[in-house]
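Heads up: the structure comes next, in structure tokens.
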Amino acid sequence: MPATAAPPSPRDAGDAGDAQDADPRRVEGPVHRLVARVRAWPWWVHVLLVWGASRLLAAVAFLVTATVQKPTSWTAGDPPYQLFVAVPFDAGWYQQIADTGYPAELPRDDQGLVQQNPWAFFPLYPMLVRTVMTLTGGSWVAVAPTVALVLGAAAVLVVHEAVRVGAPRAVAARPGLPLATVALVCAFPSAAVLQVAYTESTALLLVATSLLLIVRRRYGWAAVAVLALGFARAVALPMVAVVVVHAAARWWRARRGEDDLGRRDAAGLLGLALAAGVSGVAWPAICGWVTGVPDGYLQTQEAWRGVREVTPFLGWTYVPQFWLGEWAVPALVAGFGLMAAVLLVPAAWRLGPELHAWSAAYVLYIVAVIEPGSSLARFLLLAFPLGAVTAGAVRRPPWARRAWFVAVLVVMLALQALWIRQMWESNPAGDWPP
């Protein structure tokens, strides 16, 4: 059996959590019967219940934050929920794209420097919202957060399956890991963006779908998902590393007689790697072609930077000093050390090669290309397999596993409420974007 195949145990039993830890001699009462009944529900019901509960908690945090929001260029003070999650910050750019599209010329200041403009934002999500608006007659405020919410629900369903199918060793070692991963993804501090008019729901769905299809060896459909990812967020290039690792793992198993890597699959993998490469550069190329400025996308990105230069890793040389002063170097060492530890602990190696490769390649990619700032926590949301690593870090005894999971979940939910309160409330005089 290939190493990436799903474990033969029943899906619902595994995702129910700790049923096998129960004492069969325990006298069953109404509570136990209710728990058993809930555990018997289909896996997707469990996932959607976790999703719904987490979105409700986040909505409460948004409503509380809205009560202290002062008037801004986006909304009046104390805005209603739907407006509050539909237009502030980057959501306003997506609304502009849905309404008027992209400019044919890049806006410049008196010195000829390119100014902030819609080309920095990818088209898949706003065009999808525009399509739904056209079909339903709904407004951006009504449709955009709703589309994000629905896409987020689809995303966590696929996350569950990507972990179940793509990490069989981890699932065998930690009962209920797929559902626990979903819970930690939903509770992640910046997961609130999954219900606002941002593109994270779209990107998370496409990342998880791409990984699931690669693990299942559906290379043609995986290429479609990866190409779509290139029009959702600038995160398609790390998928090249995932394809290479997946191909290497199959080749190694074939040498040991555990797999059959034929010419058709080899051609499919080559095509998938090319699709990932093309997807990673397609949007910048389109921007250059439409505007007549070959590096127009990079110049647009520079308009958001403290130093108008897009050079790999450069932002880490000056932004931490701006935020932390003399504590910058210790904080960087601690942060990078923590990330390295998460990628190298035994729970990470129990992931399938594809999920592990995505986590490592994506983290390295965002470290290389971003200017670290207030949006970093939002970017880390797409490294969802690290949720499986966190949930699987403690396996035995059962009470310790439960205590660890509950403690992490509570801390993350508290940080999510804090993230909404601190990041989503806009300072009318100027603010850092979430």
Side-chain angles (χ1 to χ4, degrees), residues 1-11 13-15 158-178 181 206-227 229 236-280 340 342-365 383-389 391-393 395:
M1 179 179 292
T4 54
S9 58
R11 169 161 46 190
D15 289 347
V158 181
V159 163
H160 179 283
E161 290 300 271
V163 173
R164 184 185 70 85
V165 178
R169 287 181 56 222
V171 173
R174 199 287 188 193
L177 183 64
T181 303
L206 290 171
V207 167
T209 299
S210 299
L211 293 173
L212 178 60
L213 290 170
I214 291 171
V215 170
R216 286 180 167 171
R217 305 178 182 182
R218 306 288 180 84
Y219 302 135
W221 286 112
V224 174
V226 170
L227 286 170
L229 180 61
L237 282 179
M239 279 294 171
V240 176
V242 176
V243 177
V244 170
V245 169
H246 173 78
R250 288 202 60 185
W251 174 80
W252 178 251
R253 289 195 298 270
R255 287 196 60 185
R256 298 169 58 183
E258 299 172 355
D259 198 351
D260 180 18
L261 182 59
R263 291 183 177 180
R264 181 175 180 179
D265 280 354
L269 285 167
L270 178 60
L272 179 56
L274 291 174
V278 170
S279 183
V342 172
L343 291 169
L344 295 175
V345 294
W349 292 107
R350 286 192 292 268
L351 294 176
E354 298 81 7
L355 270 62
H356 198 186
W358 167 256
S359 301
Y362 175 68
V363 169
L364 180 61
Y365 173 77
F384 74 88
L386 298 184
V389 174
R395 296 181 292 160

request  = First locate atom CG of L351, then atom CG of L343, and finally report the distance between them rounded to the nearest 0.5 Å.
outcome  = 9.5 Å

request  = Looking only at non-hydrogen atoms, find the nearest pair between L177 and A388 and report the distance.
outcome  = CD1-O, 3.5 Å

query = If you round to the nearest 0.5 Å, how far is CZ of R216 from CH2 of W221?
reply = 14.0 Å

request  = Determine the minimum heavy-atom distance between A162 and A208, stating which atoms define it.
outcome  = CB-O, 4.1 Å

ask   = Any donor and acceptor pair, going by atom type alone, linking the side chain of S210 with main-chain N or O of L206 inside 3.5 Å?
value = yes

query = Is any side-chain heavy atom of W349 less than 4.5 Å from a side-chain heavy atom of L344?
reply = yes

inquiry  = Tell me the closest heavy-atom pair linking V163 and V171, and the distance in Å.
reply    = O-CG2, 3.7 Å

query = Under 4.5 Å between any side-chain heavy atoms of V243 and V226, yes or no?
reply = no

inquiry  = Working to the nearest 0.5 angstrom, can you tell me the gap between T209 OG1 and L229 CG?
reply    = 9.5 Å

query = Residues two or more places apart in sequence or in another chain: which of them pass side-chain contact (heavy atoms from CB on, under 4.5 Å) with A249?
reply = R253, P353

ask   = Got a second to check how far W358's CH2 is from I214's CD1, nearest 0.5 Å?
value = 9.5 Å

key: Distance (rounded to the nearest 0.5 Å) between E354 CD and L212 CG   = 10.5 Å

key: Electrostatic pair D260-R250, nearest N-O below 4.0 angstrom   = no

note = Note: L261 and A247 closest approach over all heavy atoms is CD2-O, 4.5 Å

inquiry  = Under 6.0 Å between ring centres: does that hold for Y219 and H246?
reply    = yes

ask   = Between CZ of R218 and CG of L272, what distance do you get to the nearest 0.5 Å?
value = 14.0 Å

key: Which atom of G392 lies closest to which atom of R174, heavy atoms considered   = CA-CG, 3.8 Å

